[in-house]
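First comes the structure, then the notes that go with it.
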Amino acid sequence: MQTRTKLTGQLGDIKDYIVRFKEKCVSDVRASGLAATGDRGAQEGLAGGRKAEDRLRQGIEEACLDAMLLQQPLIGNDLRFVSGAFRIVSDLSHIDGMTRDVAFLVEDIPAKASAKVSDEFLAMSEKCAVMVQRASVAFINSDIELAQSVIEADDAVNSLYAEAEEKLVMLIREGKSSAKYLPELLMVAKYYERIGDLSKRVAAWAIFRVTGEHKVEEKPSQAGGLEQ
């Protein structure tokens, strides 16, 4: 009974860490949208977030290891929760890292150059932030319906990516001077597409927590050079 009580506390600690990590990711994804449209303050704020991400990731991983060492073997929902937490911390870490990559990419791009796709960047960042939020909550609460809604929401992110890509290609055809920033701007859009995919994976782990099955359609990433 004492072991179970302690394990329950450790599982609660893991949930608390996930909530904190989720809140950081959601905030940073939204900030990246501002950064992508020329907000220098947002760019600078994102650049300094690596240490906080490392602390949160380490905290979750250590809490998961402590839980596994305390209760051997973990079974049922406890096992699925801890193993799922191990996986989603990696996805959340990738997501948070990508927001800093966005800030780095747009650092030297004039705001007027990204104005053509600023609506798409802001919309993608907001939709991705909501996906991260809901996917993490779905995992914590074992909410399959919410998790499925996250998976379905990725279509809207993909549509916005296609719109941004079309607009950026038009800049080249029109001979606009801002076309020289096309590679960086297109990569920003691809990062949001990838964040949507990673949010789907978090949602899939929420479904796994309930069903024991982890299934999510994996399509080839259009963001070829992004971390996996």
Side-chain angles (χ1 to χ4, degrees), residues 3-29 49-50 52-99 127-155 157 191-219 221 226-228:
T3 299
R4 180 65 210 182
T5 299
K6 187 173 182 180
L7 177 62
T8 299
Q10 289 177 325
L11 297 179
D13 289 342
I14 296 172
K15 289 182 181 180
D16 290 342
Y17 270 118
I18 292 174
V19 169
R20 289 165 55 193
F21 207 167
K22 174 261 296 180
E23 290 174 349
K24 174 173 170 49
C25 286
V26 169
S27 176
D28 286 351
V29 170
R50 179 60 182 269
E53 176 208 329
D54 288 343
R55 286 194 298 269
L56 287 166
R57 177 171 183 162
Q58 183 178 3
I60 295 174
E61 290 175 343
E62 289 180 353
C64 288
L65 288 171
D66 287 345
M68 287 189 290
L69 291 172
L70 176 68
Q71 183 69 45
Q72 287 289 345
L74 284 171
I75 59 174
N77 187 267
D78 290 343
L79 175 60
R80 292 195 294 272
F81 173 69
V82 173
S83 59
F86 252 124
R87 298 304 299 270
I88 71 168
V89 68
S90 177
D91 293 332
L92 291 175
S93 184
H94 285 335
I95 288 170
D96 203 57
M98 287 178 185
T99 66
K127 289 183 181 299
C128 286
V130 172
M131 288 177 70
V132 174
Q133 167 79 21
R134 292 180 176 174
S136 302
V137 170
F139 178 79
I140 292 170
N141 295 337
S142 301
D143 190 331
I144 290 182
E145 184 176 345
L146 185 59
Q148 190 60 45
S149 74
V150 172
I151 293 171
E152 294 169 357
D154 190 48
D155 289 342
V157 176
Y191 271 117
Y192 288 126
E193 184 195 39
R194 184 57 178 155
I195 288 173
D197 291 341
L198 288 168
S199 299
K200 283 173 56 179
R201 290 209 322 212
V202 174
W205 286 111
I207 296 173
F208 163 81
R209 188 179 172 194
V210 178
T211 66
E213 297 182 358
H214 182 265
K215 294 182 179 179
V216 62
E217 181 181 354
E218 290 286 355
K219 63 176 186 278
S221 174
L226 303 183
E227 59 181 321
Q228 303 296 316

### Task
Start with the C-alpha gap between Leu11 and Val82, add the side-chain angles, then the distance that decides, and say whether side-chain contact (heavy atoms from CB on, under 4.5 Å) holds.
CA-CA 8 Å; Leu11 297 179; Val82 173; 3.7 Å; yes
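- Taking both residues in full, the closest heavy atoms of Met131 and Gly196 are given as CE-O, 3.4 Å, listed atom of the first, atom of the second, then distance.
- When all heavy atoms of Ser136 and Val202 are compared, the pair lying nearest together is N-CG1, 4.0 Å.
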### Task
Quick one: do Ile60 and Phe86 satisfy side-chain contact (heavy atoms from CB on, under 4.5 Å)? Show the steps, please.
CA-CA 8 Å; Ile60 295 174; Phe86 252 124; over 6 Å; no
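- For the atom pair CG (Leu79) and CE (Met68), the distance works out to 9.0 Å, reported to the nearest 0.5 Å.
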### Message
Phe21 vs Ile88, test: side-chain contact (heavy atoms from CB on, under 4.5 Å). Steps then yes/no.
### Response
CA-CA 10 Å; Phe21 207 167; Ile88 71 168; over 6 Å; no
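- From Arg201, atom CZ reaches atom CG of Leu92 across 11.0 Å, with rounding to the nearest 0.5 Å.
- In terms of heavy-atom proximity, Ala129 sits nearest to Val29 at N-CG1, 3.7 Å.
- Two residues are said to be in side-chain contact when any heavy atoms from C-beta on lie closer than 4.5 Å; Val89 and Tyr17 fail this criterion.
- Between Ala135 and Val150, the shortest heavy-atom contact is N-CG2, 3.6 Å.
- Between Arg50 and Asp54 there is a salt bridge, since at least one side-chain N of the basic residue sits less than 4.0 Å from a carboxylate O of the acidic one.
- For the atom pair CZ of Arg20 and SG of Cys25, the computed distance is 12.5 Å after rounding to the nearest 0.5 Å.
- Note that NZ of Lys22 is 12.5 Å distant from CG of Leu56, once rounded to the nearest 0.5 Å.
- Between Lys24 and Asp28 there is a salt bridge, with a side-chain nitrogen of the basic residue lying less than 4.0 Å from a carboxylate oxygen of the acidic one.
- Checked against the 6.0 Å centroid criterion, the rings of Phe139 and Phe208 do not qualify as a close aromatic pair.
- Between Glu61 and Arg57 there is a salt bridge, with a side-chain nitrogen of the basic residue lying less than 4.0 Å from a carboxylate oxygen of the acidic one.
- In plain terms, the two heavy atoms of Leu198 and His94 that are nearest each other are CD1-CB, 3.7 Å.
- Separation of atoms CD1 (Ile140) and NZ (Lys15) is listed at 8.0 Å; rounding is to 0.5 Å.
- Interatomic distance, OG of Ser149 versus CZ of Arg134, reported as 5.5 Å (0.5 Å rounding).
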### Task
Mind running side-chain contact (heavy atoms from CB on, under 4.5 Å) on Ile14 and Cys64 for me, showing each step along the way?
CA-CA 7 Å; Ile14 296 172; Cys64 288; 3.9 Å; yes
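- Of all the heavy atoms in Ile151 and Lys200, the pair that sits closest is CA-CG, 3.9 Å.
- With contacts defined as side-chain heavy-atom distances shorter than 4.5 Å, the pair Val137/Asp143 does not qualify.
- Using a 4.5 Å cut-off on side-chain heavy atoms (C-beta onward), Met98 and Tyr192 make no contact.
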